[in-house]
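Numbers restart at 1 for each chain; the letters A, B, ... are given by sequence-line order, proteins then strands. Hydrogens, waters and symmetry mates play no part in the numbers below; they use all other heavy atoms, side chains included. Values in this document were obtained by computation on a predicted structure and should not be read as measured data.
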Number of protein chains: 2
Amino acid sequence: MNPQKSSTIGDVAAEANVSVATVSRALRGLPNVAESTRRRIEEVAERLRYQPDPSASRLASGKSSTVAIIVPTLEGWYFSTVMAASTTALTKGGYESLIIVDAVDDSAGRLVDRSVLKGVDGVILINMALSDSKRETLQRSAIPVVSIGMKIEGFSAVSIDDVALGFEATSHLAGLGHKTVGVITGLKWNPFQFEVSDRRLAGHMAARSHFSLVKDDDLVVGGDFSMVGGYNAMLKLMERPERPSALLAFSDEMACGAWLAARSLGLSVPEDISIIGVDDHPMSELWGLTTIAQNVTSHGGLAAELLLKLLKESDDVGDIEVETTLIQRSSTRVV
Amino acid sequence: MNPQKSSTIGDVAAEANVSVATVSRALRGLPNVAESTRRRIEEVAERLRYQPDPSASRLASGKSSTVAIIVPTLEGWYFSTVMAASTTALTKGGYESLIIVDAVDDSAGRLVDRSVLKGVDGVILINMALSDSKRETLQRSAIPVVSIGMKIEGFSAVSIDDVALGFEATSHLAGLGHKTVGVITGLKWNPFQFEVSDRRLAGHMAARSHFSLVKDDDLVVGGDFSMVGGYNAMLKLMERPERPSALLAFSDEMACGAWLAARSLGLSVPEDISIIGVDDHPMSELWGLTTIAQNVTSHGGLAAELLLKLLKESDDVGDIEVETTLIQRSSTRVV
DNA sequence: AATACTAATGTAAGCGTTTACAGCACTGCT
DNA sequence: AGCAGTGCTGTAAACGCTTACATTAGTATT
């Protein structure tokens, strides 16, 4: 009936005829406890189904063994994949994952408001653009932070060279003879979070000049990193009198959405239009989509490991820049 | 330099010339504290940047304001979507979300092993089949649990009628005149987690008999709820001499993967084969995929709200069965 | 004016750990 | 025999809150 209070370290100590200190040491594998005592304590703990109370450990030790994973949204393949990878690595390292959705337009901001930061040992930021006040709060908290996908002053980061990526993708297209290339960016995605998209666009623009491509403004339209966004963006792009012969989408999901839009307009890929995406989403191979792979899973894992290292050694570990590679499949061809 | 110890409730109390008890009451909005005092305390707290230490609150109050969201995997649209919805609702309700990946093949099982359960006020299970020992552990912990997608004895659940779903999808196909319908299930998905897939299959089988459809065993092949899985399953299905004229895939992602496979074999949808999926994934509209919608987002939200209610009133709230609806688009047609 | 409430605040005992320090029983050395 | 060292264990003070209970002052009731 009464959900019988679960046993505490004291119960175990009493039952095993030792002090709580010894139980604490024994159960955590610390040295200086006789093998025989340890075994006895473990046996008692098992029998009593003793589980240390995390809150009490935290309060006493100051360590929570949990890290906050902060994301602007949970929607879309990118975020869930990175998060999954980070969580897995963190679990392996003995940490729990507290997930926090901190929409940027949420003016208050979960991050600043709540006392979450006092409850975690570290923070992983996934593609989070921080307002100054949030960055400051985070910095002042003095807990290790690693950012994924975006370099943020003062924190370690795992990222790619988005500018180079934009350039490379475009130059692939240019190399195939395309002069008019449309771009679907991620501008709409997050009002305060232009950065990734902007950098890729900067790379594209550089290539545009370098290869003397058509420079019209209406060749760039905003998506939101989703298939639906890509679909709609493509429709808009195709309203142009002179249709682009190639398309660069800043994510594979948008690229596939655009592909579907193209098809709905009666266009074939790559016969009528070449498409290149970014990510190397698992479905891209099925589509035969040419893309710039960025190994999203490893981003998440690397960041977690970086954080784990910071948590242990606490001296600053540098940034990691992950390589991207062009994977040429059948969605792009010479014009 | 020294990450200057952040201020405690004691600091605030001293600065405001009141006792810690009053500060505690004031900051938590409890009654019985004079407006003037409250304002003064709030002002001091603000100035000192005081944030209560969650571990200490938890230890003292016994409530952690966090709930564990337990999933077998984080991969795939379904899980990330449900999780996102739950997290959002929980945040709104003042709870943090601890995410726990408890792969079933992980014999030990995070759930049983670690003292996670002592650190949370509630649990949301997303499509988790529990071993008996895990269910027992959970039950013994006496904390509220709600299960999504699967009814589990002893816990509240938010789910759909998977058997009916399997029947309805099949009868839609049968109604269009199809006699040979292939099925892509989710068997491979999780070795211990056949249940959802099995129930849908049972519904399908019932319809198969009811409508006198072709009954060959090789009309049912296992996918893993992903596009890639659907693609491969479709390839396998099509090795059959007498090809099915219609396909039921237990998720939209698999359906689309199958669609791509069909195309790679030179088949058109729905001319050569009709396809129906399950979920109403956002991309399904773009494809024109006929599907049984199950409003995944609302599942996550409803479950969270159910849990919130349990957390408050603690009397047993019943189960919720969410409606599913057939959405007919252009991927199915008369044979 | 004495009594009974009520509202605001304070006191202090937990909550269940961790950990610095002390203590004790040996062993081995001089 | 005395002493230092070592290995194991116990004592007790934190950790930073919440909360039952006590106290005080002020107001209303008779």
Side-chain angles (χ1 to χ4, degrees), chain A residues 3-42 44-45 48-66 114-121 141, chain B residues 3-42 44-45 48-66 114-121 141:
Chain A
Q4 54 189 339
K5 280 177 88 53
S6 58
S7 37
T8 75
I9 200 176
D11 300 335
V12 177
E15 187 79 8
N17 283 312
V18 290
S19 69
V20 295
T22 302
V23 174
S24 178
R25 282 184 290 247
L27 260 23
R28 282 180 305 145
L30 296 188
N32 282 339
V33 19
E35 240 350 277
S36 58
T37 337
R38 186 185 309 257
R39 266 197 304 275
R40 178 161 39 96
I41 292 175
E42 275 167 351
V44 172
L48 263 42
R49 287 212 183 74
Y50 168 69
Q51 299 284 153
D53 178 319
S55 308
S57 315
R58 287 166 195 203
L59 182 55
S61 69
K63 312 270 91 207
S64 68
S65 290
T66 109
R114 319 255 339 228
S115 48
V116 167
L117 288 181
K118 285 199 134 175
V120 300
D121 295 342
S141 77
Chain B
Q4 55 188 340
K5 279 176 92 49
S6 57
S7 38
T8 75
I9 199 177
D11 300 335
V12 177
E15 188 78 8
N17 283 312
V18 290
S19 69
V20 295
T22 302
V23 175
S24 177
R25 282 184 290 247
L27 261 22
R28 282 179 306 145
L30 296 188
N32 283 340
V33 20
E35 241 351 278
S36 58
T37 337
R38 186 182 311 252
R39 266 198 303 276
R40 178 161 37 99
I41 292 176
E42 276 166 351
V44 172
L48 263 43
R49 289 212 181 77
Y50 168 71
Q51 297 286 153
D53 178 321
S55 308
S57 316
R58 285 166 197 203
L59 183 56
S61 69
K63 313 270 88 208
S64 67
S65 290
T66 109
R114 316 255 340 227
S115 47
V116 168
L117 289 182
K118 287 198 131 174
V120 301
D121 294 343
S141 77

Q) Any side-chain heavy atom of Q51(A) sitting closer than 4.5 Å to one from L117(B)? A)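 SC-SC contact between Q51(A) and L117(B) ruled out.
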Q. Given side chains that start at C-beta, do those of I41(B) and L27(B) come closer than 4.5 Å, heavy atoms only?
A.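 Yes, close enough: below the 4.5 Å cut-off.
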Q: Give me the residues of residues 52-60 of chain A where at least one heavy atom lies under 4.0 Å from an atom of DNA chain C, by number, or none.
A: P52(A), D53(A), A56(A), S57(A), A60(A)
Whole angstrom value for the distance that separates [atom2] of [N] from [atom1] of [X]:
X      : N       : atom1 : atom2 : value
R28(A) : dG16(C) : CZ    : P     : 17 Å
Q51(B) : dC17(D) : CD    : P     : 10 Å
I9(A)  : dA12(D) : CD1   : P     : 17 Å
N32(A) : dT19(C) : CG    : C1'   : 13 Å
R25(A) : dT18(C) : CZ    : C1'   : 10 Å
L30(B) : dT19(D) : CG    : C1'   : 10 Å

Q | Inter-residue atom distance L48(A).CG - T8(A).OG1, 0.5 Å rounding | A |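 Atom-to-atom, L48(A):CG and T8(A):OG1 are 9.0 Å apart.
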**Q.** Check: R58(A) main-chain N/O paired with S55(B) side-chain donor or acceptor under 3.5 Å
**A.** no
Q. Is R38(B) salt-bridged to E35(B), cutoff N-O under 4.0 Å?
A. yes
